[in-house]
Novice: 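Below you will find the structure I want to go over with you.
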Amino acid sequence: MSETTATPPAHPIEFGDAKRRLKAIFIGSVGNLVEWYDFYAYTAFALYFAPAFFPSHDPVVQQLNAATLFAAGFIVRPIGGWLFGHLADRYGRWLSLMVSVLMMCFGSLIIAFTPTYATIGFAAPALLALARIIEGLSLGGEYGASATYLTEIADPEHRGFYSSFQYVTLIGGQLTAILVLLLLQNVFLTHEQLVDWGWRIPFVIGAILAVTAMFMRRHMHETESFEAAKATMKKESSLKGLLKYPREVAIVVGLTAGGTAAFYTFTTYMQTFVKQTVGLSDITTTYVIAGSLIFAAVLQPIYGAISDRIGRKPLLIFFGLAGTLLTVPILTTLAGTKSAFVAFLLLCGAWLFTAGYTSINAVVKAELFPTAIRATGVAVPYAVTVSIFGGTAPAIALFFKQQGHEQWFYYYLAGIIFLSFLVYSTMRDTKHASAMERHE
């Protein structure tokens, strides 16, 4: 069942068709941005709300508790991937994307209005955990449906470029969370107000944005690939259908492990790392992280377009090789610097190779599976791998830090990237051997 078909020759794209595709990609990407904003607002404001939910005299312990709940949101992502992947493969990409953004709205509202530990005791972190589980289910479904939709809606010769906007908006979601943080830090609130009640504001904003995205997504049209597959689609369990593609599932797990560990290290964990290990102030930390993320967002479509020219495999190999060799030196140097500018340059250096994975991982996974099982095939093995290697990265790093061996995490990350490098070296190039035209 793993045979693939070569990518069909390019055909001229009419202006009207290109406009339709771009509009659909824009709407799908905006919804993705909102979902990731809601998810990352948790990380961006963890320094402020952690004391309200996890009382302790040690800030490292507070952040470790917050990071543990962050990881909990990832544990349920495979369930979300299966649930929404099945929904997308059976009833359409559009419906899955609508329901996922609505769930994210609900999760944000719970965080925004949950009383503190001082008010309701252990019920406070319990409700916070519930909200993260709901958001994790939503995000587990969003990735597979979004990656599938963006890849199917693009024309064959520009799939790498168009699908790269999934990570542009993913990073954009984190940038939006950081922008809200900067505005609250510098313009509207004092530090005391942020710790007291101001951390609730971004979650209210997230809920409002999620509702807005849901209304925008009402006008999305279904992909031609899904419509073509409906006539021949078999009524069987999505997981049973996925078991017919064990090689493809293994490839998704292998190519994701190192990339997701690197991504969550240089995004989610860096907010805490630059603040606590490098020792920069709250505001300076925010500026450094925001600047590096802007640089990362710019890289995504550039690398995506390059993959449309030279293939997906060379970029993945570049990430695997450079990540294996440079991760430890970059993090070691970053831990030893006290300069915000040097920290910014080092993070940009990390993104130069990490973007080799992030820019094209969605299209590579989508190109591995036929239409009838594509959303599930992209979402489930990806979500399982992210739960193991991505969502746990901040908690593992903080655990090593608490034990006095923070540098052990650097070698852990480099080792995971090396394992993915072995997969990149042996897998086929999905641009030249794609399953996109297969609908069974």
Novice: When the ring planes of Tyr410 and Phe273 are compared, do they come out parallel, tilted or perpendicular, using 30° and 60° as the limits?
Specialist: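 Rings of Tyr410 and Phe273: perpendicular, over 60°.
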Novice: For a 4.5 angstrom cut-off between non-hydrogen side-chain atoms, does Tyr37 reach Met104?
Specialist: no
Novice: About how many Å separate CD1 of Ile133 and CD1 of Ile110, when rounded to the nearest 0.5 Å?
Specialist: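 These two atoms lie 10.0 Å from each other.
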Novice: Hey, does Asn361 have a side-chain heavy atom less than 4.5 Å from the side chain of Thr256?
Specialist: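 No, their side chains stay 4.5 Å or more apart.
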Novice: Look up atom OG1 in Thr430 and atom CG in Leu316, then write down how far apart they are to the nearest 0.5 Å.
Specialist: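 Reported to 0.5 Å precision, the distance equals 8.0 Å.
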Novice: Show the numbers, then the answer: is there a side-chain contact (heavy atoms from CB on, under 4.5 Å) between Leu331 and Phe266?
Specialist: CA-CA 10 Å; Leu331 290 177; Phe266 295 120; 3.9 Å; yes
Novice: What I'd like to find out is whether the side chain of Trp199 reaches to under 4.5 Å of the side chain of Leu184, using heavy atoms alone.
Specialist: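 No, side chains not in contact.
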Novice: Out of curiosity, Leu175 CG to Ile289 CD1, how far, rounded to the nearest 0.5 Å?
Specialist: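 Here the interatomic distance stands at 10.5 Å.
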Novice: Run the numbers on Lys275 and Leu280 for side-chain contact (heavy atoms from CB on, under 4.5 Å), then give the verdict.
Specialist: CA-CA 5 Å; Lys275 171 67 169 60; Leu280 302 183; over 6 Å; no
Novice: Tell me the closest heavy-atom pair linking Ala131 and Gly107, and the distance in Å.
Specialist: CB-O, 3.5 Å
Novice: Apply side-chain contact (heavy atoms from CB on, under 4.5 Å) to the pair Ile79 and Leu137, showing each step before the final yes or no.
Specialist: CA-CA 7 Å; Ile79 300 174; Leu137 289 171; 3.9 Å; yes
Novice: Work out which heavy atom in Gly254 is nearest to a heavy atom in Val423; give both atom names and the distance.
Specialist: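 The answer is CA-CG2, 3.7 Å.
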Novice: Working to the nearest 0.5 angstrom, can you tell me the gap between Ile396 CD1 and Tyr264 OH?
Specialist: 14.0 Å
Novice: With side chain to side chain contact (heavy atoms under 4.5 Å, CB included) as the test, pick out the partner of Phe353 among Leu325, Ile330, Leu321, Leu315.
Specialist: Ile330
Novice: Whether the side chain of Tyr303 engages the backbone of Leu352 through a donor-acceptor N/O pair (distance < 3.5 Å, no angle test) should be reported.
Specialist: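 Yes, the answer is positive, given that a donor and an acceptor are paired below the 3.5 Å cut-off.
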Novice: Taking Leu334's backbone N and O only, do any of them form a donor-acceptor pair with Thr337's side chain (distance below 3.5 Å, no angle check)?
Specialist: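 Pair absent, no side-chain N/O of Thr337 close to backbone of Leu334.
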Novice: Say you draw a straight line from CZ of Phe263 to CG of Leu170; how long is it, rounded to the nearest 0.5 Å?
Specialist: 4.5 Å
Novice: Check for a donor-acceptor pair, side chain of Ser138 on one end and backbone N or O of Ser100 on the other, with a separation under 3.5 Å.
Specialist: yes
Novice: Taking all heavy atoms of Ile360 and all of Arg312, pick out the closest pair and write down the distance.
Specialist: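 Distance-wise, the nearest heavy atoms are CD1-O, 3.3 Å.
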Novice: How about Leu194 and Ile201: do any of their side-chain heavy atoms sit closer than 4.5 Å?
Specialist: no
Novice: Check the orientation of Phe400 and Phe409. Use parallel for under 30°, tilted for 30 to 60°, and perpendicular for over 60°.
Specialist: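 Plane angle between 30° and 60°, so tilted.
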Novice: Can you establish whether the number of heavy atoms outside Phe418 located under 6.0 Å from its atom CZ is more than 12?
Specialist: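 No, not enclosed.
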Novice: Atom OH in Tyr287, atom CG in Leu181: separation rounded to 0.5 Å?
Specialist: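 Tyr287 OH to Leu181 CG: 10.0 Å, rounded to 0.5 Å.
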Novice: Would you confirm whether Ser420, through its side chain, and Gly258, through its main-chain N or O, come within 3.5 Å as a donor-acceptor pair?
Specialist: yes
Novice: Sequence neighbours excluded, which residues qualify as ring pair (Phe, Tyr, Trp, His ring centres under 6.0 Å) partners of Phe421?
Specialist: none
Novice: Quick one: does Ile388's side chain get under 4.5 Å of Val384's, heavy atoms only?
Specialist: yes
Novice: Okay, side chain of Lys313, backbone of Met427: is any donor-acceptor separation there less than 3.5 Å?
Specialist: yes
Novice: Below 6.0 angstrom between ring centroids: does that apply to Phe165 and Phe161?
Specialist: yes
Novice: Can you find a heavy atom in the side chain of His191 that is under 4.5 Å from one in the side chain of Val195?
Specialist: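 The answer is yes; the side chains approach within 4.5 Å.
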Novice: Tell me if a side-chain donor or acceptor on Thr327 pairs with a main-chain N or O of Thr324 at a distance below 3.5 Å.
Specialist: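 Between the backbone of Thr324 and the side chain of Thr327 there is no qualifying donor-acceptor contact (under 3.5 Å).
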Novice: Would you sort out whether Gln300 and Thr358 count as a side-chain hydrogen bond (donor to acceptor under 3.5 Å, both in side chains), showing the intermediate values?
Specialist: CA-CA 7 Å; Gln300 306 306 308; Thr358 57; 2.8 Å; yes
Novice: Compare every heavy atom of Asp429 with every heavy atom of Ile310, then report the nearest pair and how far apart it is.
Specialist: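 Ile310 and Asp429 have their closest heavy atoms at O-OD2, 4.3 Å.
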Novice: Return the set of residues passing side chain to side chain donor-acceptor pair (under 3.5 Å) with Tyr269 (not counting sequence neighbours), or none when no residue passes.
Specialist: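 So Tyr269 forms a side chain to side chain donor-acceptor pair (under 3.5 Å) with Glu406.
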Novice: Testing the basics here: between Ala355 and Ser359, what is the closest heavy-atom pair and its distance to 0.1 Å?
Specialist: O-OG, 2.6 Å
Novice: Test your reading of the model: is there a side-chain donor-acceptor pair from Thr354 to the backbone of Ala350, 3.5 Å cut-off?
Specialist: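 At least one qualifying donor-acceptor pair exists.
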Novice: Compare every heavy atom of Phe203 with every heavy atom of Ala112, then report the nearest pair and how far apart it is.
Specialist: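 The pair with the smallest heavy-atom distance is CB-CB, 3.7 Å.
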Novice: Determine whether a donor-acceptor pair (N or O, by modelled atom type, separation under 3.5 Å) exists between the side chain of Tyr424 and the backbone of Leu255.
Specialist: yes
Novice: Verify side-chain contact (heavy atoms from CB on, under 4.5 Å) between Thr426 and Leu422, making sure each step is shown before the conclusion.
Specialist: CA-CA 7 Å; Thr426 56; Leu422 297 179; over 6 Å; no
